[in-house]
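Read the structure below first, then the notes.
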Amino acid sequence: METSSEHQAYDFAYVQEKWLPIWDKLEPFKSGRADDPRPKKYVLDMFPYPSGDLHMGHAEAYALGDVIARYWIQKGFNVMHPIGWDAFGLPAENAAIKRNEDPRIWTYENIATQKSSMRRYACSFDWDRVFNTCDPEYYKWNQWLFTKLHDRGLAYRKDSAVNWCPGCQTVLANEQVVAGLCERCDSAVTKKKLNQWYFKITDYADRLLDDMEQLEGKWPEKVLLMQRNWIGRSQGANVNFVIEGRTEPVTIYTTRPDTLYGATFMVVAADSALAAELAAGSPIEAEFNSYLEKIKAASDIDRLATDRPKSGVDLKRFAINPVNGEKLPIWASDYVLADYGTGAIMAVPAHDQRDLDFARAMKLPVRVVVETGEEDPNETGIATTGDGKLINSGPLNGLSKDEAITAINKQLEADGLGKSARNYRLRDWLVSRQRYWGTPIPIVHCDKCGEVAVPDSQLPLLLPDAKGLDLKPKGQSPLAAATEWVNTKCPKCSGPAMRDTDTMDTFVDSSWYYLRYPSSTSATEPFNREEIDTWLPVDQYVGGVTHAILHLLYSRFFTKVLYDMKMLDFTEPFTRLLNQGMVVMDGSAMSKSRGNLVRLSDELENHGVDAIRLSMVFSGPPEDDVDWADVSPSGSVKFLSRAWRLSGDVASAPGVDFSKGEISLRKATHKALNDAGFAVESFRFNVAVARVMELVNATRKAIDSGCGPADPAVREATEAIAIMLSLVAPFTAEEMWERLGHKPAIALAGWPSVDPALLIDDEVEAVIQINGKIKDRMNVSPNISEADFEAAALALPSIVAELAGAAPKKVITRPPKLVNIVL
RNA sequence: GCGGGAGUGGUGAAAUGGCAGACACGCAAGUCUUAGGAACUUGUGCUCCGGCGUGCGGGUUCAAGUCCCGCCUCCCGCACCA
C-alpha cells in the first residue's frame with residue numbers, strides 16, 4: 001500500500017478515500033455515551049429537504065455549522081451534532097405524479113443520495129440519531145401531538161376565507177404567501193372559503209413577543225424584528241356604535257380613540273358578514289353584490305399594488321357616534337380587512353391617510369380634531385398623524401394625544417361604550433393540506449360524536465398506499481379516494497365514521513424535530529424527558545434566513561405549548577441562532593433556467609471537499625451571500641497544499657518540548673490560536689482562516705529562512721495549524737496530523753491551550769501624531785509608563801524639529817500604541 | 001408607504017473611536033525549471049510625491065470607516081393591520 005509520504009504533491013482525492021473508512025470505524029462524533037465526562041453542547045443544522053442531491057447552498061450551510069461543532073469538540077465539549085431529513089412535502093408528490101410512482105421511492109432514494117454525499121462531505125454528524133419525518137415512527141408523534149393540541153383546544157376547525165394556491169391546489173398558511181405568491185410555485189394566491197384545521201398560535205402572541213427578550217443579542221436582530229412585525233401587536237380601543245335599524249351595536253377597533261370626534265363615516269369590510277347583512281334587502285344590494293364579486297376576483301397581487309384607488313359602496317345606512325350622537329354614513333370597502341380587529345372601522349380622514357384617500361374619492365367630509373401645526377389635510381390631501389392639541393372634541397379639547405386617549409378610554413369604559421383592546425397581525429396557523437405526501441390528520445368524523453381524535457393506541461395512523469390513488473392536485477385530498485381507509489369506526493361509539501382526509505402542513509414536522517434527536521429511536525414517546533433535560537435547548541442553531549418567520553416562529557410556538565403541557569422546562573428552543581447567506585452565481589440565485597447553476601459534485605470533483613469547504617468559509621462573513629463567481633477554489637487548494645507541505649518538513653519528533661522553541665514563531669502560534677478561537681466564537685470564520693494563513697506563512701518562512709525545520713517551534717506551529725484547519729478542512733488536517741506522527745482522529749486532538757505569556761510582544765511600534773496626523777513611529781516596551789511614553793515621544797528628533805520650540809497644548813498618550821500631540 | 005440593513009482598492013473582504021485596506025483573489029515583474037495553469041520572491045488604493053483617500057454634505061472628538069444629524073444609492077422584510 002502506498003503511504004502518504006510517497007506523495008510529493010498534495011493529493012486530495014487520495015486523502016479523502018483514505019480517511020473516510022477510518023473515521024467510520026473510529027466514530028469520533030458519537031455523542032451521549034454514558035461514561036462521557038465532557039460538558040454537553042447541542043449544535044444543530046437545519047435539516048435538509050431531500051430534493052435531489054446536495055447543492056452549493058447545502059455545502060455552505062453545513063460547512064459553517066461544522067466549523068462551530070468541530071470547534072466546540074476541540075474545546076473539550078461533548079457535542080451532539082445530529083442530522084435528519086425533512087422528508088414530507090410537495091416536491092416528492094409532484095415528482096411522483098410525473099413519474100407515476102409512489103412518493104416514498106423518490107424520497108428515500110434522494111435521502112440515500114444526500115446521505116452518502118454528506119458522508120463524503122465529512123460533516124461531524126452523529127449518524128446514530130438520523131430519522132426522516134416521513135417515517136411512520138416519526139409522524140406517529142406528529143399525530144400524537146396533534147391530538148394533544150386538539151385536547152387543549154389549540155387545534156380546531158373553522159370556516160374562513162383562506163389562501164388558496166391554484167397551482168398546488170391546496171390551501172396555504174399566511175406565512176407561506178410571499179408578496180401574494182405561493183412560496184412553493186409562485187402562483188398568484190387567491191381566496192377561497194373553506195373549513196380548515198388551525199393551530200391557535202394567536203393564543204401565544206404575547207408570549208412569542210415577550211419571550212424574545214431571552215433571545216436579544218443571541219439571535220440576529222433582523223430575525224427578531226421580522227418576528228415582531230409579523231406578530232404585529234397593536235394597542236387601541238374597541239368602541240360600540242349603534243346602527244340605525246339594527247338592535248346590536250357594531251364594535252369597531254381603533255388605535256386612535258382620541259380622534260373619535262373626528263369620525264365622519266364608518267367603513268365595514270366588504271367581504272364581511274356584517275356588510276352583507278347591512279346591504280341585504282336595501283336598494284343598493286345589487287350594486288353591493290357586484291362590487292363584492294369584483295373584489296373577490298382580485299388576487300392578493302392586485303391588492304398589493306400601491307396607490308391603488310380606493311373603492312367602495314355607500315350602504316345608505318347610518319351609525320351613531322357614541323360621543324356626540326352624530327349620524328355617520330356606513331360604507332363597504334375592501335380597504336378594511338374582514339379578519340383584522342372587528343372588520344369595521346370608524347373613519348377619521350383628517351388623521352388617517354387611508355380614510356382621507358377614501359373621503360376625497362367619495363366626497364366625504366374631513367374634520368380636524370388634533371392641531372398638529374401641519375397644514376390642513378383638506379387642502380394637502382395628507383393626513384396629519386402626529387401629536388398635538390385636541391380641538392372640536394368636546395371634553396377632550398386642549399388635551400394632548402396621549403392624555404386624550406387615556407381620558408376617552410376611561411369615559412367609554414364608564415359609559416359601557418367601549419374599552420381598551422389589543423390586536424395582532426398574526427393569524428392562526430392553517431395546518432391542513434389537500435395533498436397526499438404528509439402526515440394524515442388523526443381525526444375521525446362521526447355523525448353522533450362529532451370530531452373524535454384517534455386514540456394513542458391506534459397511532460400511527462398510516463398513510464394509505466399511494467397505489468391506486470390519483471395524486472394529481474384537484475382541490476380535494478387524494479386520501480378521500482382511499483375509501484377503505486376513509487370509512488372507519490368511531491373510536492368512541494364504534495358506529496360508522498369517516499377519517500379526516502387532509503394531511504398536515506410539513507412545517508408541523510419541523511416544529512419539534514430538534515426534540516427528537518436525543519432519543520430519536522424511542523417507540524414509546526416523542527422524546528425522552530431525561531435526554532431533553534440533558535441536551536436541550538439547542539445551544540447553537542444554524543440555517544437560512546428564509547425561515548426567519550415560518551419555521552422559527554412555529555418552533556417557538558410548539559416549545560411553549562409543550563412547556564405548558566409540562567413536557568419541557570424551557571420556553572425557547574434555540575439559544576443562539578446563526579443565519580448563513582445564500583450561494584449565488586454572478587449576483588443572482590442559481591437556477592437551471594438562468595443557466596448559472598454550479599453543480600456541487602463537479603466542484604468537489606475538481607477541487608476536493610476541503611477546498612470547497614474552505615472557500616465557503618473564507619469567502620466572507622457567514623451571514624453574507626457567497627458569490628461563487630468571486631471565490632477561488634483553486635486558491636484554496638493552493639493554500640491547503642502549502643499547509644500540508646509544512647507537515648512533511650517538520651524535522652523534530654512528536655512530543656518535543658515546545659518551550660525550547662524559537663520565541664517569535666511560538667508567539668505567532670499562540671496569537672493565532674487565541675485570535676482564531678475568538679474569531680470562531682464571534683462567527684467571524686473568515687477572519688479565523690486568515691489568522692491560520694498568517695501562521696502558515698510565518699512557519700514557511702521559519703523553515704526556509706529562519707530557525708529551520710528542526711526547531712520545536714516549527715512543530716508547535718504546524719500542529720496548531722493542523723488543529724485549527726480541522727474545523728474547516730478535516731481531510732487535510734488529518735493527513736497532516738498523521739505526517740506529524742500522531743494517531744487519528746485529529747478532530748479529538750483538543751485545542752492547544754494558549755500561554756498568556758506568549759501573547760505579550762517584547763516591543764510594540766507606537767505612532768506619534770501631531771494634531772491627529774502621523775509624524776513618526778518608535779518601538780517601545782508594551783508596558784511602558786505613560787510618563788516615559790510621553791517623554792520618549794517628545795524627545796524624538798523629528799518631533800522636536802516639527803514643534804520648533806512650541807509648547808503643546810495637550811498630549812494624549814495611549815501607551816503603548818499612540819501619542820497625539822495637540823498644538 | 002412603514003420597518004430594517006448596507007455602501008471601504010480591479011475583486012472577496014479586515015479594522016474594542018487610536019497606523020484604513022489584515023488575509024486572499026486577480027494582475028505585474030523576477031528566481032528555479034525542457035516546460036508550467038507548479039513552487040518560491042517582490043510589487044500592487046490614488047498621487048502633481050506635498051499630500052489625498054472608507055457613497056455625498058454637515059457635526060461631536062485630541063482622534064471618526066466606526067458615534068450624531070441631513071441627503072443619495074442599493075438590498076431585505078412587511079404591505080390598506082385602522
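Small disclaimer: the values here were computed from a predicted structure and weren't measured. Residue numbers begin at 1 in each chain, while the letters A, B, ... track the order of the sequences.
For residues 254-270 of chain A, every residue pair satisfying the side chain to side chain donor-acceptor pair (under 3.5 Å) rule, not counting sequence neighbours, is listed here: A:R256-A:D258. For the side chain to side chain donor-acceptor pair (under 3.5 Å) condition, the pairs that include at least one residue of residues 230-241 of chain A, sequence neighbours left out, are A:E175-A:W230, A:D206-A:R233, A:D210-A:R233, A:S234-A:Y253, A:S234-A:Y340, A:Q235-A:R422, A:N240-A:T251.
One can place CG of A:N174 at 12 Å from C1' of B:rC78, the figure rounded to the nearest angstrom. In this structure, CG of A:L225 is placed 7 Å from C1' of B:rG3, rounded to the nearest angstrom.
Proximity note for A:I774 (side chain, C-beta onward) versus B:rC23, B:rA15, B:rA20: the nearest is B:rA20. Checked against B:rA14, B:rA63, B:rA82, the side chain of A:Y340 finds its nearest nucleotide in B:rA82.
Taking atom C1' on both B:rA15 and B:rG21, the two are 9 Å apart, rounded to the nearest angstrom. Rounded to the nearest Å, the gap between the P atom of B:rU34 and that of B:rU44 is 32 Å. Between B:rU42 and B:rC48, the distance separating the two P atoms is 27 Å to the nearest Å. Rounded to the nearest Å, the gap between the C1' atom of B:rC74 and that of B:rU61 is 31 Å. Taking atom C1' in both B:rU41 and B:rG45, the straight-line distance is 23 Å, to the nearest Å.
The phosphate of B:rA24 (OP1 or OP2) has a side-chain N or O of A:N697 nearer than 4.0 angstrom. The phosphate of B:rG12 (OP1 or OP2) has no side-chain N or O of A:S632 nearer than 4.0 angstrom.
When heavy atoms are screened at a 4.0 angstrom cut-off, A:I345 is found touching base atoms of the nucleic acid. Counting non-hydrogen atoms under 4.0 angstrom, A:E765 reaches a base of the nucleic acid. Base engagement by A:F618 is indicated by at least one non-hydrogen atom pair under 4.0 Å involving a base atom. In this structure, A:N423 reaches neither bases nor backbone, as no heavy-atom distance under 4.0 Å exists between it and the strands shown. Within the 4.0 angstrom heavy-atom criterion, no nucleotide atom of any strand lies near A:E221. Heavy atoms of A:N686 sit under 4.0 angstrom from primed sugar atoms or phosphate atoms, though from no base atom. Contact annotation for A:R427: base contact, defined as any heavy-atom pair under 4.0 Å involving a base atom.
For A:F618 and A:F639, the ring centers sit 6.0 Å or farther from each other.
Between the A:Y291 side chain and the A:S311 main chain, a donor and an acceptor come within less than 3.5 Å of each other.
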Between protein and nucleotides 39-41 of chain B, what N or O pairs are separated by less than 3.5 Å?
residue : atom : partner : partner atom : Å
B:rA39  : O3'  : A:R645  : NH2          : 3.3
B:rC40  : OP1  : A:R642  : NH1          : 2.5

Between protein and nucleotides 69-76 of chain B, what N or O pairs are separated by less than 3.5 Å?
residue : atom : partner : partner atom : Å
B:rC76  : O2'  : A:K222  : NZ           : 3.2

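Other residues, nucleotides and ligands contribute only 12 or fewer heavy atoms inside 6.0 Å of the NZ atom of A:K671.
Residue A:R691 is the one, among A:R691 and A:K810, whose nearest nucleotide of RNA chain B lies closer to the 5' end (criterion: closest heavy atom). Of the two residues near RNA chain B, A:D630 and A:G343, the one whose nearest nucleotide lies more 5' is A:D630.
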### Query
In dot-bracket form, how is RNA chain B paired, counting a Watson-Crick or G-U wobble pair only if both its distances are under 3.5 Å and using | for bases paired to another strand?
(((((((..(((.....[....)))((((((.......))))))((....))..(((((..]....))))))))))))....

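Interatomic distance, CG of A:L412 versus CD1 of A:I408, reported as 4.5 Å (0.5 Å rounding).
Partners of A:S785 by side chain to side chain donor-acceptor pair (under 3.5 Å), not counting sequence neighbours, listed by chain and number: A:D788.
The aromatic rings of A:W331 and A:F358 sit perpendicular to each other, their planes meeting at more than 60°, with 30° as the lower class boundary.
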